[in-house]
Amino acid sequence: DQQLLAPFEYYASADETDLTAVDWGRGAEVSQLANLIDGNLVRARTVVNAVTRYVSDTRTLKGLAFCVSVAHAKFMAGCFTQAGLAAVALSGTDSQAMRTEAVKQLRDGVLKVICSCDILNEGIDIPEANAVFLLRPTQSPVIFQQQIGRGLRLAHGKDTCLVLDFVGQYQAGFRFDVLLRSITGLS
């Protein structure tokens, strides 16, 4: 309402990943998700196809992809690059110089996507980011907000932020209402 954040378009993009056995909220979900998602070519194709479908002009894409593991970030960076969208994977093991250079290349349009694991959730400012790809399913409203928030900073020439949330097949108790309420304030 106060025009402090960029408006966003949110799409929950279905994929066929069966997440019904994931034990959410018990601390084991990250390793369980990694077993299901790391190296999953079918899901990766679904992600790349959705990105090319929903991004109106890939030449201006400046996307942040949040991944479940370092291996998943590297895998997805390779998939995006192979599809013609220059991408790099970043994690906590990368030097600050490497992270700074990747962000600069994203801002300059050299890179189209930064795939990350656990480092872009908070404490970094990339107002030019105009797309966020949620490749790491979460039941945490805090993580959900942090990841979407990376794309909501205002920037010159940025009309909106595209948010693609890749949702698999969850068990009946998965609480999308809690996640969406955390960003909209609506019941």
Contacts of [X] that satisfy side chain to side chain donor-acceptor pair (under 3.5 Å) - sequence neighbours left out:
X      : result
Asp38  : Ser69
Arg153 : Asp125
Ser56  : none
Gln105 : Glu101

*Looking at residues at least two apart in the chain, or sitting in another chain, which of them share a salt bridge (Lys or Arg N to Asp or Glu O under 4.0 Å) with Asp159?*
none
Sub-3.5 Å donor-acceptor pair from the side chain of [X] to the main-chain atoms of [Y], do we have one?
X      : Y      : answer
Arg150 : Gln145 : no
Asn130 : Gly151 : no
Thr58  : Leu61  : no
Asp108 : Val110 : no
Lys158 : Ala6   : no
Arg99  : Gly92  : yes

Atom [atom1] in [X], atom [atom2] in [Y]: separation rounded to 0.5 Å?
X      : Y      : atom1 : atom2 : answer
Gln147 : Leu134 : CD    : CG    : 5.5 Å
Leu64  : Ser116 : CG    : OG    : 7.0 Å
Lys112 : Arg59  : NZ    : CZ    : 9.0 Å

*Pairs satisfying salt bridge (Lys or Arg N to Asp or Glu O under 4.0 Å), at least one member in residues 60-88, at least two apart*: none
Once side-chain contact (heavy atoms from CB on, under 4.5 Å) is applied, do any residues pair with [X], and if so which ones, sequence neighbours excluded?
X      : answer
Thr160 : Pro7, Glu9
Val103 : Arg107, Ile114, Ile124, Ile126
Thr100 : Gln96
Ala86  : Leu111

*Just one of Asp165, Val163, Leu164 clears the side chain to side chain contact (heavy atoms under 4.5 Å, CB included) bar with Phe133, so which one?*
Leu164
*ring pair (Phe, Tyr, Trp, His ring centres under 6.0 Å): pairs with one or both residues in residues 28-60, sequence neighbours excluded*: Tyr11-Tyr54
